Amino acid sequence: MKVISKEQIKALMEANGWSIERAEGYADGETYRRRDEKPSAYAQIGIDEYSQGFRAGFYERPNYPSPANFTDFSIARMTLRKPAEVVESVDARTVAAHGG
């Protein structure tokens, strides 16, 4: 298992503007996730810098593009348009109750 060195923690700290505690927590959280280990209650609910960093490293989230990041805004607006086919609603009073 790859262990993150102090130099890599320092690089994380500088790249993200984190405190040393948050960067160490992130590195530990990532290590726990990779080893499929269960984190302590402290790491899961703590509000200090270390715990916040741990959760950021442990609970990996996929990076989905945000509509705000699209360079072609016509693509971002496509989801807001109504579909070309509009299905009319059926009035329940005109449908036979027992299908018979």
Side-chain angles (χ1 to χ4, degrees):
M1 175 58 58
K2 179 181 164 189
V3 176
I4 296 179
S5 69
K6 289 288 182 186
E7 290 82 24
Q8 290 170 317
I9 290 173
K10 192 171 184 176
L12 267 174
M13 190 177 86
E14 292 171 358
N16 296 303
W18 293 344
S19 66
I20 187 72
E21 293 85 11
R22 189 178 199 116
E24 287 174 345
Y26 182 88
D28 290 348
E30 193 172 65
T31 302
Y32 269 67
R33 178 177 41 82
R34 288 180 181 172
R35 291 181 179 170
D36 200 26
E37 293 180 22
K38 184 178 179 186
S40 67
Y42 166 74
Q44 290 179 337
I45 61 172
I47 59 171
D48 62 335
E49 289 285 316
Y50 176 86
S51 297
Q52 291 174 358
F54 185 96
R55 288 190 298 271
F58 185 78
Y59 297 108
E60 179 185 39
R61 295 181 196 117
N63 226 355
Y64 295 113
S66 167
N69 295 336
F70 285 125
T71 54
D72 180 11
F73 290 106
S74 63
I75 294 172
R77 286 189 300 244
M78 285 175 53
T79 57
L80 301 177
R81 294 183 186 152
K82 289 185 178 180
E85 279 187 41
V86 177
V87 178
E88 293 183 27
S89 62
V90 177
D91 188 355
R93 293 174 290 188
T94 60
V95 177
H98 297 285

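The model shown is predicted, which means the values in this text are computed figures rather than measured ones.
- In this structure, the side-chain hydrogen bond (donor to acceptor under 3.5 Å, both in side chains) partners of E7, at least two apart in sequence or on a different chain, are S5.
- Residues satisfying the side-chain hydrogen bond (donor to acceptor under 3.5 Å, both in side chains) criterion with Q52, sequence neighbours excluded, are R22.
- Through side-chain heavy atoms spaced under 4.5 Å, either directly or across other Ile, Leu, Val, Met, Phe, Trp or Tyr residues, W18 is tied to L12, Y26.
- Put simply, the side chain of M13 does not reach to within 4.5 Å of the side chain of E21, judged on heavy atoms.
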Pairs of donor and acceptor atoms involving the side chains of residues 43-50, under 3.5 Å and at least two apart or interchain, shall be tabulated with distances.
from: D48; atom 1: OD1; to: Y42; atom 2: OH; distance (Å): 3.4
from: D48; atom 1: OD1; to: S51; atom 2: N; distance (Å): 3.3
from: D48; atom 1: OD1; to: S51; atom 2: OG; distance (Å): 2.7
from: D48; atom 1: OD2; to: Y42; atom 2: OH; distance (Å): 2.4
from: E49; atom 1: OE1; to: S19; atom 2: OG; distance (Å): 3.2
from: Y50; atom 1: OH; to: D28; atom 2: OD2; distance (Å): 2.5

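- Every residue meeting the side chain to side chain contact (heavy atoms under 4.5 Å, CB included) condition with E14, not counting sequence neighbours, appears here in chain and number order: K10.
- With sequence neighbours left out, F58 forms a side chain to side chain contact (heavy atoms under 4.5 Å, CB included) with Y32, R33, P39, F54.
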